[in-house]
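Protein chains get the first letters and strands the later ones, always in sequence-line order, with residue 1 at the start of each. If you're wondering where the values come from, they're calculated on a predicted model, not measured in any experiment.
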Amino acid sequence: MRTLDHILGEIPLFEGLEPDQVNLIAGCGGNVRFAEEQMLFREGDAADTFFLIRHGTVAIETFVPVSGAVTIETVEAGDVVGWSWLFAPYRWHFDARALTVVRATAFDGACLRDKCAADPALGYQLMSRFAQLLVERMQWMRLRLLDVYGDSARR
Amino acid sequence: MTALAAEATAPLTPRPFRVTRRRRETADTWTLELSPLGGAALAAQPGQFTMLYAFGVGEVPISSSGGASDTLVHTVRAVGAVSAAICAAAPGSLIGVRGPFGNCWPLEEARGRDLVIVGGGIGLAPLRGAIYAALNDRGAYANVVVLVGSRTPADLLFTREYERWRRGGIDVQVTVDSARSEWRGKVGVVGQLVANADFDPEEAVCLLCGPEVMMRYTALALIDRHVPAEQIHVSLERNMRCALGHCGHCQLGPTLICRDGPVYSYAEAARLTAVREL
């Protein structure tokens, strides 16, 4: 049976980390499963976890009065859901809902923050990797703000 | 008029075509099939465009959305007076056609290799002929991947055809920029699909069509996966008028898009579009 640190070692987010660092991170994680339509978390709740999706699709949503729930983006296997656990006030800004059966590894944010505070090298590695993730998502999000299929669309 | 003069003006004279079929794709987009009233059929290759003339309204360049057959197929989005008039042309009515013009998608270059087709919004229409070319000769290519993006689920083109493409051995992935929670598919820009698409970057030939910004960021995502820029092809659009390389309206630096394009390698297109004043 493959252990969690073996699985994490093959995930791009943790690629290149020292085995003892992967081991430390794995110590804060555990496998979880969500049924289709089940919520991973809700806007406003305490953000004490992040999820590494291993199977399935998760929709990041927000509720718009009158319109109803709007999907902001979808996240799939290999991607991370949640970064609010890293930054005060540690509250979710959006809802996350399983569009399919989702299998993921859930990491305890407080546990990871404590380990990062005790081990600055690990903290730097994790922060760099999440910053890269944030930048990538933000850059694609900026492109969506351009609404390129609007007036500039081809005939 | 002398025979010489008649020959010289012919490319500027629209031939009358009858609308034989009209199918609604989205709220503002229609696919029209056209047959000539007389004379030879007009076969546009995937990637080429024609000038469509709505009589009494005006003329616009529209890419072919059909395969290499005798039936001329165009998918048109109603964004102005002319394109709206073309979209409103019911079966039996007449439309003027000049062309076909321009070069076509380099499908020969892709034979034996992976083919990646990325269409954003109405940009999927000029790629539809290339998709059918791959589907009808599926054994000639390795992996064929079609990545489709649009503003919302309601704006997706050719949705009735995706299942047929998939059954034919094409990996079709769809994403939209924005959706209500009822949408079960992906939400994100089409360029984000590149990272996990199944193709060999060193060998793949990539065809991109859509808004220029979308093509640029998709090309950069392909380059991030180490696809050489020479193997990425984009369809550019400027203000095509004469479509013969005479009027200069579609000039982009040293090139006239109607004559030398509309399909360019990204290596060349990146140089052309990097000049902000052009």
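- Chain A forms the most heavy-atom pairs under 4.5 Å with one residue out of B:Ala125, B:Gly80, B:Ser150, and that residue is B:Ser150.
- Here CD1 of A:Ile72 is found 13.5 Å from CG of B:Asp177. Values are rounded to the nearest 0.5 Å.
- Between atom CG of residue A:Leu146 and atom CE of residue B:Met214 there is a gap of 13.0 Å, rounded to the nearest 0.5 Å.
- By the 4.0 Å N-to-carboxylate-O rule, A:Glu61 lies too far from B:Arg180 to be salt-bridged with it.
- Among A:Val75, A:Val70, A:Thr57, A:Thr71, the single residue meeting the side chain to side chain contact (heavy atoms under 4.5 Å, CB included) criterion with B:Val187 is A:Thr71.
- Within the 3.5 Å criterion, the main-chain N or O of A:Asp147 finds no donor-acceptor partner in the side chain of B:Arg151.
- Considering every non-hydrogen atom in both A:Trp140 and B:Tyr217, the closest pair reads CH2-O, 4.0 Å.
- In this structure, the ring pair (Phe, Tyr, Trp, His ring centres under 6.0 Å) partners of A:Phe51, at least two apart in sequence or on a different chain, are A:Phe34.
- Taking both residues in full, the closest heavy atoms of A:Tyr149 and B:Gly121 are given as CE2-N, 3.3 Å, listed atom of the first, atom of the second, then distance.
- Residue B:Arg23 places its CZ atom among more than 12 non-hydrogen atoms of other residues, nucleotides or ligands, all under 6.0 Å distant.
- When each of A:Ala77, A:Gly78, A:Ser67 is checked for heavy-atom pairs under 4.5 Å with chain B, A:Ser67 comes out on top.
- Ion pairing between a basic and an acidic side chain is recognised when a charged N comes within 4.0 Å of a carboxylate O; A:Arg97 and B:Glu182 show no such pairing.
- For B:Arg166, the CZ atom counts as densely surrounded, since its 6.0 Å shell holds more than 12 non-hydrogen atoms of other residues, nucleotides or ligands.
- Only the side chain of B:Ala221 comes within contact range of chain A, with heavy atoms under 4.5 Å apart.
- Under the 4.0 Å criterion applied to side-chain N and carboxylate O atoms, A:Glu73 and B:Lys186 are not assigned as salt-bridge partners.
- Heavy atoms closer than 4.5 Å to chain B are found in the side chain of A:Glu76, but not in its backbone.
- Of the inter-residue distances, the one linking B:Gln192 atom CD with A:Thr74 atom OG1 reads 8.0 Å to the nearest 0.5 angstrom.
- Within 6.0 Å of the CZ atom in A:Arg144, the count of heavy atoms belonging to other residues, nucleotides or ligands exceeds 12.
- Within 6.0 Å of OH on A:Tyr124 lie no more than 12 heavy atoms contributed by other residues, nucleotides or ligands.
- Other residues, nucleotides and ligands contribute only 12 or fewer heavy atoms inside 6.0 Å of the NE2 atom of A:His93.
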